[in-house]
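Below is one structure, written out as structure tokens, with a few remarks after it.
Just so it is clear: chains get the letters A, B, ... in the order the sequence lines come, proteins before strands, and each one is counted from 1.
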Amino acid sequence: MSEDLLRIEGLRTVFRTHGGEVTAVDGVDLSVPRGRTLGIVGESGCGKSVLSLSIMRLVAHPGRIAAGRVLLEGRDLVGLSSAEMRQVRGSQVAMIFQEPMTSLNPVHTVGFQITEAMRAHDPRASATELRERAIEALNRVRIPSPDRRFDEYPHQLSGGMRQRVMIAMALACRPKLLIADEPTTALDVTVQAQILDLLRDLQAETGMSIILITHDLGVVAEMADEVAVMYAGRVVERAEAGAIFGDPMHPYTLGLLGSVPRLDEERETLLAIDGSVPPPFALPKGCRFHPRCPFAAAECKSDQPPLREVVSGHSAACLRAPVEAFAA
Amino acid sequence: QAANPRNTLVILREIDADNYDPPRSTARGAGEVIYMMSDTLVALDFDMQTVRPLLAERWEISPDGKTYTFHLRRDVTFCDGRPMTADDVVYSLNRFIDPATRSPVRWRAGPVKEIRARDQFTVEYELNEPFGELLFQLTLFFASIVDRNSVERLGQNFGVQGFNGTGPYCWASWTPRQEMVLTRHPTYNWGPSGVYQNPAPQVDRVVWRVTPESQTRLAALQTGQGDVTQYIPYIAIQQLRRQPNVRMSQQENYFWDHFMGFKVDKPVVSDPAVRRAINMAVNREAIVRATWFGAATPADAYLNPNVTGFDAEAARLVPRFDQAGAQRVLDEAGWRMGPDGIRVKDGQRATFLVYGIQTQAAQQYLQSMQADLRRIGLEMRIQMWDATVGWGRLATQEFDAFVMSYPYVTATDAFSLYFNSRNRPTPNRMNWNDPETDRALTEAQTSVDPAVRAAAIARAQRIVAENNVWFPVAREQLWVAASARTEGVRAHGIYGIALYKGLDIRLTR
Amino acid sequence: MSATTETEEPIAPPRPGVLARLIREPAAAVSLALVTLIIAAAVFAPLLAPTDPYDNDLSLAMQPPGSEGLPLGADAQGRDMITRLVYGLRVSLLMGFAAVLLGGGLGALLGFLAAFYHRWLDGPIMRLVDILLSFPAILVGLAIAAIFGPGIFSVVLALSVATVPLMARIVRGSAMVVMRLDYIEAARATGMTDARLIWKHLAPNCLSAIFVFATLRFGQVILLGSALSFLGLGAQPPVPELGAMASEGRNFLFFAPHIAVVPCVLIFIVVLAFNVLGDALRDALDPRLRV
Amino acid sequence: MLRHAIQRLILAIPVMFGVLLIGFLLMQVVPTDPATVRAGPTATPDVIAAIRADLGLDEPLYKQFALYVWRLLHGDLGSSIINNVPVSQELGATIGPTLELMFASLFWSIPLGILLGTLAGYWRGSLIDRTIMAISVAGVSVPVFFLGLVLIWFVGFQWQWLPFTGRAGPIWTLDGMLSLILPAVTLGGVFIGPVARMTRTAVLDVLSADHVRTARAKGLTERLVVMRHALRNALVPVITLIGLQIGFLLGGAVVTETVFSWPGVGRLAVGAILSSDFPMAQGTIIVLSMGFIVINLTVDVLYAALDPRIRGA
Amino acid sequence: MSETLLEVTGLAKHYPVRKGLIVAKQVGTVRAVDGVSFSVSRGETLALVGESGCGKSTTARLVLRLIEPSAGSIRFEGVDVTRITGAAQRAMRRRMQIVFQDPYASLNPRLTVAETIAEPMLVHGIGDAAARRKRVEELLSLVGLRAFHAQRYPHEFSGGQRQRIGIARALSVQPDLVVCDEPVSALDVSIQAQVVNLLKDLQRRFGLAYLFIAHDLAVVKHVADRVAVMYLGQIVEIGDKRSLFASPRHPYTRALLSAIPHPDPERRGQVKPLGGDLPSPLNPPPGCRFHTRCPFAQERCRREVPELRRLGPGHDAACHFAETLPPAGLDFTGGLSENAAKRLALYAKARAA
Ligand SMILES: Nc1ncnc2c1ncn2[C@@H]1O[C@H](COP(=O)(O)OP(=O)(O)OP(=O)(O)O)[C@@H](O)[C@H]1O
Ligand SMILES: Nc1ncnc2c1ncn2[C@@H]1O[C@H](COP(=O)(O)OP(=O)(O)OP(=O)(O)O)[C@@H](O)[C@H]1O
Ligand SMILES: [Mg+2]
Ligand SMILES: [Mg+2]
């Protein structure tokens with residue numbers, strides 16, 4: 001398709017802890033095309049949130065970006081001054097978070113928080129104008145009677161409603177890229193469906209790109225154009241959505257697919273992955289998945305597999321992909 | 001640095017009094033102010049001996065010593081401007097001795113038969129029997145003359161919410177425990193001649209400020225936040241004498257003694273041997289130095305040698321410091337050392353409880369005594385009380401010994417107060433009940449012959465000293481410190497009060 | 001059957017113990033050492049003190065620090081300051097321990113009851129706590145001294161009383177959080193008695209809150225006790241108690257400052273040590289800060 | 001808002017009643033008989049009996065309490081048994097200076113404490129944080145009287161900069177203001193520590209909250225993030241804790257008043273208790289704890305003003 | 001399979017909402033659970049699904065009598081457990097155990113794994129110390145942990161391992177019924193699969209009955225025999241798994257099913273959101289509680305409360321128009337792509353090896 005809006009190259013984010021430095025995101029390369037949705041899946045702790053915060057340069061102390069570039073339309077965000085970065089946040093890249101309950105400030109009205117985002121990037125706008133724009137934004141995210149909600153506090157809204165306020169706030173300045181970090185994980189399926197529907201409509205309306213982070217393969221399949229699968233801080237597989245589900249390469253992706261119970265299929269036992277995700281301070285040498293991988297061979301224990309294109313447009317970080325070649 | 005306004009004299013003191021009604025308060029803190037707000041018939045000179053005219057310009061004593069006739073000044077007015085007459089004097093003195101007033105020191109007025117006004121300016125004071133002390137007693141502030149109308153108007157609140165006297169200064173306001181403000185009595189010019197150079201007050205306003213912290217008081221004086229104080233930490237006296245910005249004044253004729261009294265009918269201390277041993281075991285010299293830092297003399301006798309009626313022979317009966325001797329006395333009396341270092345006799349541990357009014361000096365010397373007594377196997381337990389509660393406590397029989405300090409004028413004054421059996425339980429808190437002593441005291445008070453009086457009081461002193469009813473501690477000195485801008489401050493010391501009428505005090509800045 | 005096998009891997013690294021986490025911070029390590037030292041000094045006072053705490057030598061009165069044989073000088077009675085300090089420490093710590101133990105114990109009990117029998121007891125207990133809380137510690141001290149007369153007993157009683165509502169609040173707060181956790185329900189589902197439930201499941205999990213508060217409170221209690229002594233309501237002479245010593249010494253502040261300053265500094269060090277330890281404990285026990 | 005305030009006020013009534021009751025009972029268990037204190041050292045039993053009847057001490061306890069509350073509601077707190085001055089009069093004279101002292105100490109210590117705490121929380125782990133925290137922990141550990149004496153010694157005595165004995169006048173006069181400085185510095189000095197520490201903890205909590213991350217993601221400046229989102233939210237717990245710490249401040253005020261001869265309620269209370277002046281002691285204790293309740297009430301209302309979640313409920 | 005183990009009828013839990021200061025007036029009632037009836041047979045899994053706040057956990061706690069019901073009866077093997085107390089209740093507790101959602105909150109951090117697992121036995125006086133120790137070892141290996149884990153503390157375990165410990169604790173007293181309150185919701189998919197497999201395995205081996213609470217219909221479809229769908233404190237549909245998934249009769253069940261995104265991009269866009277939010281249980285709508293969000297709602301739904309009606313063998317629903325609703329239009333066909341299925345088979349083979 002068209003050229004990429006965002007390119008991430010060799011991004012590495014580390015945390016200083018008492019036990020030494022911990023690498024949460026380790027050499028991630030990704031790209032997000034204009035107007036499209038990149039889904040990032042992976043289990044808890046694999047570095048999805050840290051990755052998204054790194055893009056926004058919001059990784060809090062004691063974390064820092066140790067290496068890599070984050071190019072937004074060719075401009076490296078990592079090198080920007082903090083004032084320049086502030087200009088980017090909210091107006092070019094916006095973000096919504098997993099917990100709609102805590103992501104809004106409980107002591108300010110919803111309207112104040114939305115107008116605040118607008119004012120930050122348009123200091124000259126008048127109060128009435130801001131109010132109008134905020135009400136319009138609330139309207140856009142399909143909040144009923146927005147002018148009444150404008151003066152309400154977050155605790156007076158339901159979870160789904162709050163998440164919509166978050167979206168309205170994020171889209172207040174019409175960003176080019178929206179990062180949604182598990183926007184529906186805390187919500188019920190019915191509300192999740194509403195939010196996903198809304199995001200899709202808004203994307204069609206504004207042409208923005210979306211990075212959608214989730215651990216739910218169903219959500220990815222529903223929303224993403226491209227998918228990256230993360231494991232222990234690294235991208236292990238990357239392809240168009242159809243290819244990931246139709247032609248999974250990496251044993252971890254396979255394991256995930258086998259683990260989810262499906263409505264469209266019945267199996268006596270689920271195909272689970274043995275063991276669990278290694279914590280970032282106890283990463284195995286070689287391929288990080290090898291202790292849990294049924295296909296692991298000797299070289300997997302020593303060599304870190306690079307993300308390589310196995311078939312065109314479909315990369316996997318596995319020495320033994322596709323697995324049928326090695327299954328004997 | 002805020003200096004006080006010109007013509008306002010700030011006097012610093014340690015504690016406030018509970019009220020300022022002359023007959024109802026015995027506190028030195030009350031007397032300090034009452035002396036400035038009112039006058040007595042007669043005044044006491046700085047020599048502590050000579051009685052001078054004040055409201056009475058002269059007086060006569062009948063030959064039988066029973067009737068005193070006072071001739072009053074005619075120019076005296078109260079603060080509210082009303083002239084003072086004999087009626088006021090009679091009213092005030094009768095109020096003092098009236099049982100309804102409940103004055104704790106009523107006896108100081110002597111065995112009164114009648115006090116009456118002969119005419120507008122003459123008062124007759126008639127006694128049932130002679131009372132050689134009377135004039136001395138009438139110099140004390142309890143016998144101050146106050147305005148009858150004010151007393152009747154204010155009732156219980158006289159001296160609390162207001163006051164009206166003939167003194168050099170007048171009541172302006174009182175904030176209890178904080179501050180008392182007096183203003184100059186404009187027409188006052190009847191100050192006791194011969195005592196003060198100037199018969200009229202020199203300062204416009206006097207502020208009595210309560211500053212309980214001793215170091216604060218000291219610092220306040222040195223920084224000019226206060227002008228005068230007699231409540232100087234003892235430790236500071238020597239140093240202040242060398243300070244150029246502070247003027248020190250001492251009263252040499254000052255009788256204010258500290259002592260410990262034993263309840264002679266309580267276990268342990270009822271044993272004369274124990275009392276004697278205590279007298280021998282305590283290193284008086286050392287504890288007085290450590291407590292008063294040279295501002296007091298060790299009391300090696302029951303009375304000050306300079307006081308009228310002092311008996312040197314009795315003084316020799318007070319044991320000297322001799323720790324080994326004290327041990328011996330106790331051993332001989334059958335007090336054996338117990339396993340915990342405390343002696344025991346017939347199952348009775350040698351322990352006794354001492355009560356005292358909380359003062360820094362008492363706390364200091366009691367601890368020292370405690371350590372000394374421990375060395376000879378006596379345990380002394382200390383319980384200190386705040387002044388307001390303490391006096392009540394000291395009237396009980398809960399304790400075995402007590403410490404106290406007191407002012408006196410003569411030997412007879414002091415001994416009659418404490419050793420008369422009629423004065424049990426207070427002020428004779430020792431429960432000293434000896435007919436021989438009583439007889440000697442009566443004779444000393446009532447005999448018209450000075451030689452007989454002297455012999456009688458000497459006898460009383462010897463009896464008491466032989467029995468070691470007290471442990472005399474120290475004779476305190478009186479010092480007043482004044483800031484550089486204050487002139488004419490001279491320590492007086494009547495009833496322990498340094499400023500007395502404060503007439504000569506001037507402010508230069 | 002693969003579902004019932006677990007691959008060989010301890011998932012969390014061996015977590016450093018509370019102690020290990022404590023001593024990682026230099027300030028905390030120092031405070032822990034100091035607290036240990038302070039307690040040891042108090043316990044072994046008779047061995048450490050060069051002289052008898054009640055024996056005086058008036059000829060040495062107010063000797064300044066550094067005089068011969070008196071590294072910290074002597075007090076107004078000529079008693080060795082070091083002796084007085086270690087014994088004073090003993091009395092002060094004992095006072096603090098007694099108050100924190102008594103008041104804290106009762107407060108903790110109230111807190112547990114209020115949280116556990118929330119329906120019936122929470123209201124009454126918390127109103128009582130509110131009332132108690134309305135009497136600041138110094139006031140309680142004043143009132144109790146008025147009743148029982150000044151002395152250590154009064155101080156301990158007052159400080160205990162003043163500790164009760166605070167501890168009750170802390171414990172209730174933390175117990176309410178624990179009560180909402182599933183393991184309490186799980187334990188209840190096994191059918192155990194309330195007493196066992198409180199003792200085995202509720203109380204141990206509130207311990208860290210209790211412990212942190214107790215250390216912090218301990219410092220405060222020492223400070224309050226010394227303030228009461230300063231006002232003349234605390235320990236009576238010649239009992240050595242740090243606050244009482246400072247109070248006695250203040251009469252000589254301009255002449256022999258060490259008599260007041262040295263006990264004050266010791267109070268300061270003790271309270272500081274317990275405060276820092278309490279803070280460090282809080283950090284070490286804070287689950288959010290766990291690695 | 002107003003509703004909330006009224007609710008809190010109503011809730012405070014039983015607490016106030018409890019305080020009254022305890023204040024009353026406390027003085028009943030005192031072993032000293034007020035009548036003997038008033039009667040003085042030389043009283044006879046019949047005098048004491050008369051005084052007992054006068055003071056109503058022969059009535060049953062509940063009647064005495066009812067009478068006490070009844071009189072209290074009419075502004076009558078009884079009179080000092082030592083000098084017969086109405087307690088309310090003494091309280092009236094001393095409450096002003098105490099309020100002055102408390103107000104002046106809070107006036108500088110709370111803003112400064114909050115500022116320091118915010119700085120420390122924001123730069124967590126830095127040298128600034130460590131310095132501020134060291135100072136505030138030290139501040140919490142200094143005995144009030146020690147701080148006061150040290151200030152007197154240096155500022156008042158050695159350098160002679162400021163007066164330190166008593167109150168030279170009301171706060172609006174220059175002399176009054178000057179004489180207030182040292183006591184207020186002393187009392188406030190020991191309060192900064194707790195405020196700074198509480199603020200730091202609260203700010204830390206809030207800074208790690210999701211909504212602060214949201215605020216940053218909007219592109220707000222750090223100043224706005226800290227002021228509007230961190231500090232504003234942190235104030236809620238800080239204010240509550242400050243309310244609780246007021247008791248501590250009251251205690252400090254008692255000591256400070258003694259050290260500086262400040263004519264306040266605290267010193268009156270100490271004096272009254274030491275001298276077994278029961279009505280006075282009772283009055284001061286009740287007034288001080290009522291003050292505490294009122295302050296906490298204010299805090300509660302403030303709390304609601306700051307936190308809409310509470311306002312709504 | 002047919003012997004009824006647990007029978008719940010008309011179970012209700014109402015929480016009074018009080019307002020007022022001194023005298024708290026009751027101003028309303030939260031109808032957390034409002035007349036729920038179901039039964040669980042020996043060895044069977046009944047799943048309870050529904051949106052957050054619909055009363056699933058409350059039902060679970062009621063069944064275990066951790067809270068007292070406001071109305072209704074709970075019969076365990078025919079005995080009404082709402083009436084028993086004391087020893088009988090303790091004995092009953094042995095037969096019913098619970099597994100919780102949050103693996104971090106459900107274990108007492110101060111107890112070792114061995115103590116945690118042995119405690120129910122201790123409380124019920126089963127065996128001596130040695131016997132209990134042996135049993136703990138057995139249980140550990142049963143849930144896939146090692147004997148050396150016994151002396152460790154919960155914080156040393158991962159979420160999945162903790163959930164296993166919780167299961168071991170529940171099994172220690174050999175219960176007949178285990179109430180699982182969202183036992184896998186907090187777990188990662190890979191771990192979730194492990195635990196689901198373990199639960200099914202244990203059921204097979206010990207003939208356990210589960211009351212399995214979940215909100216993920218896919219998981220439910222995998223583990224349950226029968227499914228009950230809850231909405232606002234009431235069961236709106238209950239039935240055999242196959243029949244319920246094949247032909248859901250209640251509009252809410254349909255809405256739930258159609259809101260689930262499938263892990264299959266081919267079928268993207270089929271997700272149909274249900275409008276509106278769950279109403280507050282404090283103020284449930286009159287008539288049919290679902291009418292505010294129901295696309296088929298009619299006047300009657302606003303007035304009349306629909307009863308749970310038998311619509312087919314073992315399949316009940318509470319909708320006035322259950323028979324006349326248009327076809328659900330749900331499409332569950334598809335499954336894994338060929339390539340993926342092939343590789344998964346390889347994966348399974350390699351893993352088993
Ligand atoms: N402040 C921190 N200090 C140390 N390590 C951290 C910190 N924040 C995150 N990490 C580490 O970074 C790793 C990635 O965390 P991240 O939050 O990105 O995971 P995630 O994929 O978003 O998981 P989830 O699905 O639970 O949100 C984690 O393993 C975590 O241990
Ligand atoms: N103690 C209580 N007091 C008042 N209301 C309560 C109480 N406990 C639960 N509720 C209410 O009862 C309703 C049902 O709660 P319950 O916990 O059973 O829901 P749930 O279906 O388990 O939800 P989730 O999926 O979020 O766990 C909720 O609306 C809740 O607010
Ligand atoms: Mg995340
Ligand atoms: Mg639940």
Side-chain angles (χ1 to χ4, degrees), chain A residues 43-45 158-161 187-198 215-224 240-242 244-249 251 254-277 292 294-295 322-324 327, chain E residues 51-52 158-161 188-194 196-197 200-201 215-219 221-223 245 255-269 271-275 277-278 293 331-340 342-344 346-353:
Chain A
E43 289 180 286
S44 188
S158 73
M161 209 91 100
L187 304 174
D188 278 316
V189 260
T190 55
V191 184
Q192 164 172 299
Q194 294 167 1
I195 299 289
L196 294 182
D197 210 35
L198 175 67
H215 61 250
D216 186 336
L217 288 176
V219 171
V220 178
E222 186 67 32
M223 298 288 292
E240 297 256 320
I244 290 279
F245 289 92
D247 185 22
M249 292 282 182
L254 278 175
L256 282 184
L257 280 173
S259 296
V260 264
R262 301 170 72 105
L263 284 173
D264 53 5
E265 208 190 49
E266 269 198 45
R267 265 178 289 170
E268 193 39 41
T269 49
L270 295 170
L271 189 79
I273 312 175
D274 293 329
S276 54
V277 184
R292 305 175 74 189
F295 305 110
V323 293
E324 58 267 28
Chain E
E51 281 178 281
S52 173
S158 69
Q161 288 172 320
D188 272 328
V189 266
S190 66
I191 312 297
Q192 174 178 320
Q194 293 170 5
V196 164
N197 286 345
K200 288 193 76 165
D201 183 39
H215 60 250
D216 183 341
L217 279 169
V219 171
K221 183 165 183 232
H222 183 71
V223 298
F245 276 87
L256 273 186
L257 283 170
S258 60
I260 299 171
H262 295 263
D264 185 356
E266 308 272 294
R267 282 182 298 162
R268 161 181 306 196
V271 165
K272 287 192 239 32
L274 174 66
D277 287 324
L278 190 70
R293 300 168 77 189
D331 172 18
F332 295 140
T333 54
L336 281 167
S337 75
E338 208 178 306
N339 244 342
K342 194 174 74 207
R343 289 192 185 133
L344 266 183
L346 283 172
Y347 187 101
K349 216 173 104 206
R351 187 164 160 265

Under a 4.5 Å heavy-atom cut-off, does chain A meet the side chain of E:H222, its backbone, both or neither?
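Interface part for E:H222: side chain.
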Among E:E266, E:R267, E:K342, single out the residue with the greatest number of heavy-atom pairs under 4.5 Å to chain A.
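Between E:E266, E:R267, E:K342, the count favours E:R267.
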To check you understand the geometry: which heavy-atom pair defines the closest contact between [X] and [Y], and what is its length?
| X | Y | value |
| --- | --- | --- |
| A:R262 | E:P263 | NH2-O, 3.6 Å |
| E:G275 | A:Q194 | C-NE2, 3.6 Å |
| A:A272 | E:N197 | CB-ND2, 4.1 Å |
| A:F295 | E:Y347 | CZ-CA, 3.5 Å |
| A:M223 | E:R268 | C-NH2, 3.8 Å |
| A:A241 | E:P265 | O-CG, 3.6 Å |

Do E:Q192 and A:S259 meet the criterion of a side-chain donor-acceptor pair at a distance under 3.5 Å?
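No donor-acceptor contact under 3.5 Å links the two side chains.
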Taking atom OG1 of A:T190 and atom CG of E:L278, what is their separation to the nearest 0.5 Å?
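A:T190 OG1 to E:L278 CG: 8.0 Å, rounded to 0.5 Å.
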What part of A:L256 lies closer than 4.5 angstrom to a heavy atom of chain E: side chain, backbone, both or neither?
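Only the side chain of A:L256 comes within 4.5 Å of chain E.
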Side chain, backbone, both or neither: which part of A:V220 has an atom under 4.5 Å from a heavy atom of chain E?
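Only the backbone of A:V220 comes within 4.5 Å of chain E.
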Run the side-chain contact (heavy atoms from CB on, under 4.5 Å) test on E:I260 and A:L263 for me, step by step, so that the C-alpha distance in whole Å, both residues' side-chain angles and the decisive distance to 0.1 Å come before the verdict.
CA-CA 9 Å; E:I260 299 171; A:L263 284 173; 3.7 Å; yes
Less than 4.0 angstrom from a charged side-chain N to a carboxylate O is my criterion; do A:E268 and E:K200 meet it?
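A salt bridge links A:E268 with E:K200.
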Does E:R343 pair with A:D247 as a salt bridge, N-O distance under 4.0 Å?
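Looking at E:R343 and A:D247, the cut-off is met.
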Has [X] got a side-chain atom pairing as donor or acceptor with [Y]'s backbone, closer than 3.5 angstrom?
| X | Y | answer |
| --- | --- | --- |
| E:Q194 | A:G275 | yes |
| A:D188 | E:E51 | no |
| E:D188 | A:S44 | yes |

Below 4.5 Å, heavy-atom pairs only: which of A:G160, A:P251, A:G45 has the largest tally toward chain E?
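Top count of heavy-atom pairs under 4.5 Å with chain E: A:P251.
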Note, A:P294 side chain near E:K349 side chain (heavy atom, < 4.5 Å)
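Not touching, per the 4.5 Å side-chain cut-off.
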Of A:D216, A:V260, A:L217, the residue whose pairing with E:V189 passes side chain to side chain contact (heavy atoms under 4.5 Å, CB included)
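Running side chain to side chain contact (heavy atoms under 4.5 Å, CB included) over A:D216, A:V260, A:L217 with E:V189 returns exactly one hit, A:V260.
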Pair E:L256, A:V189 - check side-chain contact (heavy atoms from CB on, under 4.5 Å), show working.
CA-CA 7 Å; E:L256 273 186; A:V189 260; 3.8 Å; yes
Decide side-chain contact (heavy atoms from CB on, under 4.5 Å) for A:L271 and E:R351; before the verdict, give the C-alpha distance in whole Å, the side-chain angles of both, and the deciding distance to 0.1 Å.
CA-CA 9 Å; A:L271 189 79; E:R351 187 164 160 265; 4.3 Å; yes
